[in-house]
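Heads up: the structure comes next, in structure tokens.
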Amino acid sequence: MTQTFVQSADDVVAFLTAQHNLIKDMFDDVLSASSTKAREKAFVDLRQLLAVHETAEEMVVHPRVRHEVRGGDEIVDARLHEEHAAKEQLSKLESMDVDSKEFIDALTKFRDAVADHADHEENEEFNKLQRNLAADDLKRMEKAVQAAEALAPTRPHPGVESAKMNFAVGPFASMLDRARDAIGAALR
Ligand SMILES: [Fe+2]
Ligand SMILES: [Fe+2]
């Protein structure tokens, strides 16, 4: 099970916002690491957290935004586009030497893109879910996000941004039922 680093929060918005802040700190950990080993470890931790965080958003948050928020389709399509680009950047970073200037430059650019993506989610999705959904619904969504993160693949897979695709194809097919059960139970 992947360590998702954030303690249980009050609701889905608090949980994912805390994770956004943690992700930003983890970028700094990679950039400021004092040895190759420390930088590699910090990068693996960051990559894992990003992978499970984005998968959970794709399974739990974006589908709700499509249904509950006016103009939701357009908002979510833009977020999925950003998440797809992020996964591609992450796969490129994986093949670089963590001590190279190339890696530091690419990671710095990637950090800025991820921070912008997080701001867009907080301002265009989280705020609106908070406004449109009841408190207990937001609490149930937090449980669903935690269940999704516990089962999510820990490496990024560009091209599997839709909620259906992430769990319905390739190596994730076997997780499909478990994930649905866990998420369904959390949402009941
Ligand atoms: Fe996201
Ligand atoms: Fe996010």
Side-chain angles (χ1 to χ4, degrees), residues 2-30 43 45-69 71-94 107 109-133 137-167 172 179 183 186:
T2 304
Q3 172 59 260
T4 53
F5 307 98
V6 170
Q7 297 290 310
S8 184
D10 280 350
D11 67 24
V12 68
V13 170
F15 182 82
L16 290 175
T17 304
Q19 240 169 19
H20 284 173
N21 292 334
L22 182 61
I23 286 166
K24 288 171 197 165
D25 289 346
M26 287 170 78
F27 270 102
D28 292 339
D29 291 345
V30 181
F43 179 59
D45 287 346
L46 169 67
R47 191 184 70 201
Q48 288 185 348
L49 180 58
L50 278 172
V52 300
H53 175 89
E54 297 305 341
T55 300
E57 288 177 339
E58 286 159 15
M59 291 191 72
V60 178
V61 177
H62 299 326
R64 278 315 281 278
V65 172
R66 280 197 197 278
H67 288 113
E68 310 280 352
V69 172
D73 280 334
E74 210 179 311
I75 292 168
V76 170
D77 288 347
R79 294 300 77 74
L80 294 182
H81 186 78
E82 291 163 357
E83 287 171 9
H84 178 76
K87 287 173 198 172
E88 285 185 336
Q89 281 173 287
L90 207 40
S91 333
K92 277 190 198 136
L93 280 159
E94 276 191 62
L107 190 78
K109 258 197 202 150
F110 181 51
R111 176 194 62 189
D112 295 345
V114 169
D116 285 348
H117 172 70
D119 285 349
H120 296 156
E121 285 176 337
E122 289 171 23
N123 297 328
E124 294 176 35
E125 297 191 57
F126 298 177
N127 285 0
K128 291 173 185 170
L129 287 177
Q130 240 166 357
R131 212 172 327 149
N132 294 359
L133 299 180
D137 207 351
L138 293 167
K139 278 200 178 106
R140 276 198 300 273
M141 283 178 74
E142 185 203 353
K143 296 283 172 285
V145 161
Q146 288 178 344
E149 290 194 358
L151 293 165
T154 55
R155 290 181 92 98
H157 295 270
V160 289
E161 284 72 34
S162 90
K164 271 178 253 136
M165 290 297 283
N166 244 353
F167 283 81
F172 318 128
I183 292 160

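All of these numbers come straight from a predicted model, not from anything done at the bench. One-based numbering, in listed order, for ligands and for the atoms of each. These values consider heavy atoms only, across backbone and side chains, with no hydrogens, waters or symmetry-generated copies.
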Apply salt bridge (Lys or Arg N to Asp or Glu O under 4.0 Å) to E124 and R79, showing your working. CA-CA 10 Å; E124 294 176 35; R79 294 300 77 74; 3.2 Å; yes
Hey, what's the ring geometry for H20 with F126, parallel, tilted or perpendicular (30° and 60° as the breaks)?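 Answer is parallel, since the angle falls under 30°.
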Identify, by name, the N, O or S atom of E57 lying closest to the Fe ion (ligand 2).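 Considering only N, O and S atoms, E57 comes nearest to the Fe ion (ligand 2) through OE2.
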Among the N/O/S atoms of H53, which is closest to the Fe ion (ligand 2)? Give the atom name.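 Nearest to the Fe ion (ligand 2) within H53's N, O and S set: NE2.
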With salt bridge (Lys or Arg N to Asp or Glu O under 4.0 Å) as the criterion, how do R47 and E94 come out once you've worked through the C-alpha distance, each side chain's angles and the decisive distance to 0.1 Å? CA-CA 9 Å; R47 191 184 70 201; E94 276 191 62; 3.3 Å; yes
Side-chain ion pair, K109 and D112, N-O less than 4.0 Å: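 Not counted as a salt bridge, because no side-chain N and carboxylate O are separated by less than 4.0 Å.
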Where the Fe ion (ligand 2) is the corner point, what angle links OE1 of E121 with NE2 of H20, to 10°?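 The OE1/NE2 angle about the Fe ion (ligand 2) sits at 90°.
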Can you tell me which N/O/S atom of E83 has the shortest distance to the Fe ion (ligand 1)?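 Result for E83 and the Fe ion (ligand 1): OE2.
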Identified side-chain contact (heavy atoms from CB on, under 4.5 Å) counterpart of V114 within the set L50, L46, L90: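 Output: one option passes, namely L50.
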Working to 10°, measure the angle at the Fe ion (ligand 1) formed by atom NE2 of H117 and atom OE1 of E54.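 Here the angle at the metal atom is close to 110°, to 10°.
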